[in-house]
Number of protein chains: 2
Amino acid sequence: MDWQKLLTQAGFRISKPRKQVMQLLESTQTPQTALAIYQQLRAQGARLSLVSVYRTLELFVSLGLISMVYEPEGSLGYVPASAGHHHYILCQVCHRAVEFAGTEDLAGLIYQVENQTQFLVSDHLLQFFGVCPKCQNKSKESA
Amino acid sequence: MDWQKLLTQAGFRISKPRKQVMQLLESTQTPQTALAIYQQLRAQGARLSLVSVYRTLELFVSLGLISMVYEPEGSLGYVPASAGHHHYILCQVCHRAVEFAGTEDLAGLIYQVENQTQFLVSDHLLQFFGVCPKCQNKSKESA
DNA sequence: CGCCTATTGAAAAACTTTTACAATAAGGAA
DNA sequence: TTCCTTATTGTAAAAGTTTTTCAATAGGCG
Ligand SMILES: [Mn+2]
Ligand SMILES: [Mn+2]
Ligand SMILES: [Zn+2]
Ligand SMILES: [Zn+2]
C-alpha cells in the first residue's frame with residue numbers, strides 16, 4: 001500500500017511537511033538525520049520547520065514507513081522501509097543502506113543463545129557494515 | 001589482564017575518576033548512561049565531574065574495556081566488557097545485560113547476505129532483547 | 001621528594017530534542 | 001465550492017546532551 005493511503009487510513013493527514021520528508025527520504029540511498037533532512041529541504045526552498053521533521057520521523061517510524069539505522073559515527077539515520085521483517089547493510093565508503101530480507105535469519109543463533117543464557121528472546125537489533133559492489137569496483141580500478 | 005595494568009601499559013594514568021567509573025560499572029548488572037554513572041557516583045560522595053565521565057567512557061570503549069549497548073528506549077548504556085568477540089542480550093523487564101559469545105555467530109547469515117547484496121561484509125551490530133531467567137520465574141509465580 | 005605533564009573540574013559553548021501555544025491548513029460535510 | 005472542525009504546523013523557549021577551553025591538580029617516574 002502507498003504511504004499516503006496508509007496515513008489516511010490510520011487517521012492522519014497528508015500535510016506538506018510529511019510529503020516533503022517522505023519525498024526526500026525516497027530520493028536518497030543513504031540514511032539521513034533529522035537535521036540533514038531539514039537542511040536539504042530548506043536548501044530546496046521548502047518552508048517546513050525542524051520540529052516538523054522530528055514529528056514526522058517519529059510518526060513514520062511508528063507506522064513502519066521508515067526505519068532508523070545506527071550510523072557507525074554515532075548518529076541516527078532514517079531510510080524508507082519496505083514492509084515485513086528486514087535489516088540493513090551499510091556501505092562504509094559511500095554510506096548507502098541496502099535492505100536484506102530477515103525472516104528466520106537468526107533462528108539458529110537465537111536457539112543457541114536461549115540455551116546458553118536461559119533468556120527468552122523476543123526481539124533483536126541487527127545491522128551489517130561493509131563495502132557495496134560499486135565501491136568495491138572503485139577500489140579495484142584505483143589499484 | 002586487569003584493567004589498570006592495561007591502562008598503564010597503554011600510557012594512561014590510573015586517576016580517581018577512572019577508578020570510580022570502572023568500579024561503578026563493575027558493580028551493576030545493568031547498562032548505565034553517562035549521566036546515570038555521574039549521578040550515582042555523586043550520590044555516593046564522589047567528587048568527579050560529568051565531563052570526566054564522558055572522557056573516561058570514551059577512553060574505556062576505545063581500549064575495549066567496556067561496551068556500548070543500545071537501550072530499547074533510545075539511550076546509550078555502558079557495561080564492562082570481557083575480552084574477545086561477543087554481544088549482549090538485554091532483559092526487557094529488569095534491564096540486565098548479559099554477554100554471549102560471538103565467534104562465528106553470523107558466518108552463515110553473512111554468507112547469505114553477501115550473495116544477496118554483493119556487499120563485502122566486514123562488521124556487524126547485534127543485540128538481543130528478551131526476558132532473563134529470573135524475570136521469567138517472577139512472571140510464573142505471580143500467575 | 002620533586003618534577004613533568006596527563007588529567008581534571010568549572011564554565012561556557014555547541015548541539016540536539018522536546019514542549020507550549022497560537023496560527024494555519026487538511027479534508028469531510030453541506 | 002465553501003464552510004467548519006480540529007489535526008498539524010511554526011515560532012520561541014526550554015530542556016537535555018555532549019564538546020570545548022583552559023587554568024589548576026595530581027599521577028607516576030626519576
Ligand atoms: Mn531479523
Ligand atoms: Mn558477532
Ligand atoms: Zn558504497
Ligand atoms: Zn530480567
Side-chain angles (χ1 to χ4, degrees), chain A residues 2-24 31-63 65-66 68-78, chain B residues 1-25 31-63 65-66 68-78:
Chain A
D2 151 281
W3 71 269
Q4 300 200 2
K5 282 184 185 168
L6 195 149
L7 264 200
T8 300
Q9 289 186 8
F12 298 97
R13 296 180 180 175
I14 314 295
S15 69
K16 229 175 211 173
R18 286 173 186 167
K19 279 186 203 159
Q20 293 166 329
V21 168
M22 184 56 89
Q23 185 182 42
L24 187 130
Q32 302 292 321
T33 65
L35 182 61
I37 291 168
Y38 170 71
Q39 290 175 330
Q40 290 172 74
L41 287 172
R42 296 296 294 214
Q44 294 171 19
R47 298 226 183 295
L48 86 181
S49 71
L50 179 55
V51 185
S52 286
V53 175
Y54 277 108
R55 289 190 280 226
T56 297
L57 291 174
E58 183 183 19
L59 176 67
F60 285 0
V61 166
S62 77
L63 293 174
L65 296 172
I66 63 176
M68 286 179 12
V69 306
Y70 296 98
E71 305 277 1
E73 4 108 23
S75 62
L76 260 189
Y78 296 86
Chain B
M1 179 175 16
D2 151 280
W3 70 270
Q4 301 201 359
K5 283 184 185 169
L6 196 150
L7 263 199
T8 300
Q9 289 186 7
F12 298 98
R13 296 182 180 172
I14 315 296
S15 69
K16 227 175 212 175
R18 286 173 185 166
K19 278 186 205 160
Q20 293 166 329
V21 168
M22 183 56 88
Q23 184 182 43
L24 186 131
L25 285 179
Q32 302 292 322
T33 65
L35 183 61
I37 292 168
Y38 169 72
Q39 289 175 330
Q40 288 172 74
L41 287 172
R42 296 296 294 213
Q44 294 172 19
R47 300 231 182 292
L48 84 183
S49 70
L50 179 54
V51 187
S52 287
V53 175
Y54 277 109
R55 291 191 279 227
T56 297
L57 292 173
E58 182 183 18
L59 176 68
F60 286 0
V61 166
S62 76
L63 294 173
L65 296 172
I66 63 175
M68 285 176 16
V69 307
Y70 296 97
E71 304 278 0
E73 4 108 24
S75 61
L76 261 189
Y78 296 86

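Quick note: numbers below take in every heavy atom, side chains included, and nothing from hydrogens, waters or symmetry partners. Lettering of chains follows the sequences in order, A, B, ..., and the numbering in each one begins at 1.
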### Summary
A correct 5'-to-3' footprint of nucleotides 24-30 of chain D, with B, S and - meaning base, sugar-phosphate only and no protein heavy atom under 4.0 Å, is --BBS--
### Task
Kindly calculate the angle separating the two end axes of the helix from dC1(C)-dG30(D) to dA30(C)-dT1(D), each obtained from five base pairs, and round it to 10 degrees.
40°
Please list, pair by pair, any protein nitrogen or oxygen found under 3.5 Å from a nitrogen or oxygen in nucleotides 21-23 of chain D.
none

### Task
Specify the separation, in whole Å, of atom CD of Q9(A) and atom P of dA7(D).
19 Å
### Task
Indicate, with a heavy-atom threshold strictly under 4.0 Å, whether S49(A) touches base, sugar-phosphate, or nothing.
base
### Query
5' to 3' on DNA chain C, which nucleotides open and close the contacts with chain B (atom under 4.0 Å from a heavy atom)?
dT5(C) to dA11(C)
### Query
Of the non-hydrogen atoms in L50(B) and A34(B), which two are nearest, and what is the gap between them?
CD1-O, 4.0 Å
### Message
Whole angstroms only, please: what is the CD1-P distance between I37(B) and dT17(D)?
### Response
14 Å
### Summary
Smallest heavy-atom separation, L59(A) atom then S62(A) atom, equals O-OG, 2.7 Å
#### Entry: I66(B) and M22(B), any side-chain heavy atoms less than 4.5 Å apart
yes
### Query
Of all of residues 56-63 of chain A, which get a heavy atom below 4.0 angstrom from DNA chain C, listed by number?
none
### Task
For DNA chain C, find the residues of residues 68-78 of chain A with a heavy-atom distance under 4.0 Å and give them by number; none if there aren't any.
none
### Query
Is R42(B) reaching over with its side chain to a backbone N or O of R47(B), donor-acceptor style, under 3.5 angstrom?
yes
